[in-house]
Number of protein chains: 2
Amino acid sequence: MAENDKLTEDKIFEAATKVFIEKGMDGARMQDIANQAGINKALLHYYYRTKEKLFTTVFEITARKVFAKFAPVFDENLSLEDKIRFFFKEHIAFLQDNPRLPGFILNEVNRHPERIRKILSSVNFESFFIKLYEQHKDEFQKYNITPATLPQIMVSMAAISVFPFAAKGIIEGILGKIDMKFNDFIEERKEFAAEFVINAISK
Amino acid sequence: MAENDKLTEDKIFEAATKVFIEKGMDGARMQDIANQAGINKALLHYYYRTKEKLFTTVFEITARKVFAKFAPVFDENLSLEDKIRFFFKEHIAFLQDNPRLPGFILNEVNRHPERIRKILSSVNFESFFIKLYEQHKDEFQKYNITPATLPQIMVSMAAISVFPFAAKGIIEGILGKIDMKFNDFIEERKEFAAEFVINAISK
DNA sequence: GTCTATAGAAGGATAGAC
DNA sequence: GTCTATCCTTCTATAGAC
């Protein structure tokens, strides 16, 4: 029974994740989710009470998964340059597997900024920055990276990695006009992005 | 009468633009738009027949306005470096005035890629790229910019400018934790972004 | 725990008076 | 051209049988 519970609840969670990512909170229908899970609508309410609760569960777990993908940058024992190469290679590969995640997260955060607060508050960003400084003290000095420019650089790195997926429809359309495939563009980007950023911070 | 027509239609259009940008197609309510315009719901249908038609009108005009903001880069008679500086200064300033536009466009395009096709098809991108090459032939050679890297560079520039606004909720949250204001971050970014990209393409 | 049936509310769209 | 009233569909949510 508890076995079966788990199965149904998981089935619902996975179905809901798929539908919410595709259509967003406002566009998703409980009926879609029930169909996707191969069960009845009433069961959704039995397990999650309301659409809002189901969505919140999906959103929080998904968003944490996404943010977790940034963490290795702070852990890996690599030189700054190799860390940048590692980041783009891994992060873009993750987005290749989950191309709709950026749009989903960004959209829901824009409409309800409070949804991200709980997640951000569980992360100690200050200590992350301090850790980075300690790990790469000498390199930061060499590259002239300061507390003022570090956030700019990190946002730029996130932008360069994430934006093509958030704007996939547009970029795909434009690339098509010059006979380029989105997937090829992304594949090239893993290396391009790393060298681009390394050059950018080298004076 | 035609005078009055115009006024009401415009009022509806402006109200709809505001509400759609805030809540998206799925989240917007005809009642919200009517309230915002200070008129009755039935009038919306009198002028625009359906919610879908009203949305399409708003989306197309808004999206064209957004894309038009990229055009000056191809026109201005400046050196490549000054063009990059010009782009970030102007484009980020535009987004400061319209911070919700990126999220709105990106989200609706993700959900309905066909909505952007008509707009993209009215733009001759190939000739834009050719024009760029002619204008900056020598500089492209000096910087070793090729047909393969130019799209990567341009997408990166769009990313660096647009992403902070598309991800405003998240970035604002993180910056707050290190006592930084989003507006200050953006103000600094106009210059940072330009020098970042110029460095990136200089070898 | 899972289903069918349905309540109850909301939202898009229209009819018809003025 | 603008309004009120209302239709009709859709959607979330619940009741109740099994």
Side-chain angles (χ1 to χ4, degrees), chain A residues 1-62 104 107-108 110-112 114-115, chain B residues 1-62 104 107-108 110-112 114-115:
Chain A
M1 279 303 179
E3 185 75 350
N4 198 13
D5 268 29
K6 196 63 192 157
L7 272 178
T8 302
E9 198 170 338
D10 283 356
K11 251 193 316 187
I12 292 174
F13 178 82
E14 275 161 41
T17 302
K18 183 160 181 230
V19 172
F20 279 134
I21 287 177
E22 230 165 73
K23 310 206 174 177
M25 166 66 181
D26 293 333
R29 296 291 159 250
M30 294 296 264
Q31 187 63 59
D32 297 341
I33 296 172
N35 293 344
Q36 177 72 35
I39 54 152
N40 193 280
K41 231 180 14 164
L43 261 191
L44 302 181
H45 291 96
Y46 176 80
Y47 281 101
Y48 291 92
R49 285 271 311 155
T50 66
K51 183 185 178 187
E52 174 68 31
K53 278 195 206 308
L54 177 52
F55 177 82
T56 301
T57 307
V58 166
F59 180 77
E60 291 209 353
I61 291 178
T62 305
F104 171 64
N107 180 47
E108 301 298 344
N110 272 339
R111 301 235 189 288
H112 299 279
E114 72 279 6
R115 289 211 167 107
Chain B
M1 279 303 182
E3 185 73 352
N4 199 12
D5 268 29
K6 196 62 191 157
L7 273 177
T8 301
E9 200 171 336
D10 283 357
K11 250 193 318 189
I12 292 174
F13 178 81
E14 275 161 41
T17 301
K18 184 161 180 226
V19 173
F20 278 134
I21 287 178
E22 230 165 72
K23 311 207 172 176
M25 166 65 181
D26 293 333
R29 295 292 159 249
M30 293 297 263
Q31 188 62 59
D32 297 341
I33 296 173
N35 292 345
Q36 178 71 35
I39 55 153
N40 192 280
K41 229 180 16 165
L43 260 192
L44 302 180
H45 291 97
Y46 176 80
Y47 281 101
Y48 290 92
R49 285 275 308 154
T50 67
K51 184 186 179 187
E52 174 69 30
K53 279 194 204 311
L54 176 53
F55 177 81
T56 301
T57 306
V58 166
F59 179 77
E60 291 210 353
I61 291 177
T62 306
F104 171 64
N107 179 47
E108 301 298 343
N110 272 337
R111 300 233 190 289
H112 299 280
E114 73 279 6
R115 288 211 168 108

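Residue numbering restarts at 1 for every chain, and letters A, B, ... go by the order of the sequence lines.
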Quick one: list whatever passes side-chain hydrogen bond (donor to acceptor under 3.5 Å, both in side chains) with [X], sequence neighbours left out.
X: B:Asn110; answer: none
X: A:Glu22; answer: none
X: A:Asn35; answer: A:Gln31
X: A:Thr56; answer: A:Glu52

Close residues, residues 13-22 of chain B, relative to DNA chain C [heavy-atom separation under 4.0 Å]: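 Nucleic-acid contacts, sorted: none.
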Residues from residues 26-35 of chain B lying under 4.0 Å of DNA chain C - heavy atoms: B:Ala28, B:Arg29, B:Met30
Atom [atom1] of [X] to atom [atom2] of [N]: distance rounded to whole Å?
X: B:Leu44; N: C:dT14; atom1: CG; atom2: C1'; result: 13 Å
X: A:Leu7; N: C:dG1; atom1: CG; atom2: P; result: 13 Å
X: B:Arg49; N: C:dA13; atom1: CZ; atom2: P; result: 9 Å
X: B:Leu43; N: C:dA13; atom1: CG; atom2: C1'; result: 14 Å
X: A:Tyr48; N: D:dT12; atom1: OH; atom2: P; result: 17 Å
X: B:Lys51; N: D:dT9; atom1: NZ; atom2: C1'; result: 14 Å
X: B:Ile39; N: C:dA13; atom1: CD1; atom2: P; result: 14 Å

Show me the pairs that pass salt bridge (Lys or Arg N to Asp or Glu O under 4.0 Å) and involve residues 36-51 of chain B, at least two apart or across chains. none
Return the polar atom pairs (N/O with N/O) between nucleotides 4-7 of chain C and the protein under 3.5 Å, or none.
unit_1: C:dT4; atom_1: OP2; unit_2: A:Asn40; atom_2: ND2; d: 3.0

So, the side chain of B:Gln36 versus the backbone of B:Lys18: is there a donor-acceptor pair under 3.5 Å, distance only?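 No, the answer is negative, given that no donor and acceptor are paired below the 3.5 Å cut-off.
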State whether the side chain of B:Arg111 and the backbone N or O of A:Lys23 hold a donor-acceptor pair below 3.5 Å, judged by distance alone. yes
Of all residues at least two apart in sequence or in a different chain, which pass the ring pair (Phe, Tyr, Trp, His ring centres under 6.0 Å) check with B:Phe55?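 Residues passing ring pair (Phe, Tyr, Trp, His ring centres under 6.0 Å) with B:Phe55: B:Phe20, B:Phe59.
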At their closest point, which heavy atom of A:Ile12 faces which heavy atom of A:Leu44, and how far apart are they?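 Between these two residues, the closest heavy atoms are CG2-CD2, 3.6 Å.
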Checking A:Lys53 now: which residues fulfil salt bridge (charged side-chain N to carboxylate O under 4.0 Å, His left out) with it, not counting sequence neighbours?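 Per chain and number, A:Lys53 pairs via salt bridge (charged side-chain N to carboxylate O under 4.0 Å, His left out) with no residue.
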The side chain of B:Tyr46 lies closest to which of these nucleotides: C:dT14, D:dG1, C:dA13?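 The answer is D:dG1, which lies nearest to the side chain.
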From D:dT12, C:dG1, D:dG1, pick the nucleotide closest to the side chain of A:His45?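 Side chain of A:His45 sits closest to D:dT12.
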Are B:Thr8 and D:dT2 close enough that a side-chain N or O sits under 4.0 Å from OP1 or OP2?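 Yes, B:Thr8 has a side-chain N/O under 4.0 Å of OP1/OP2 on D:dT2.
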Could you go through B:Ile61 and B:Thr17, starting from their C-alpha distance and side-chain angles, then the distance that decides it, and tell me whether this counts as side chain to side chain contact (heavy atoms under 4.5 Å, CB included)? CA-CA 10 Å; B:Ile61 291 177; B:Thr17 301; over 6 Å; no
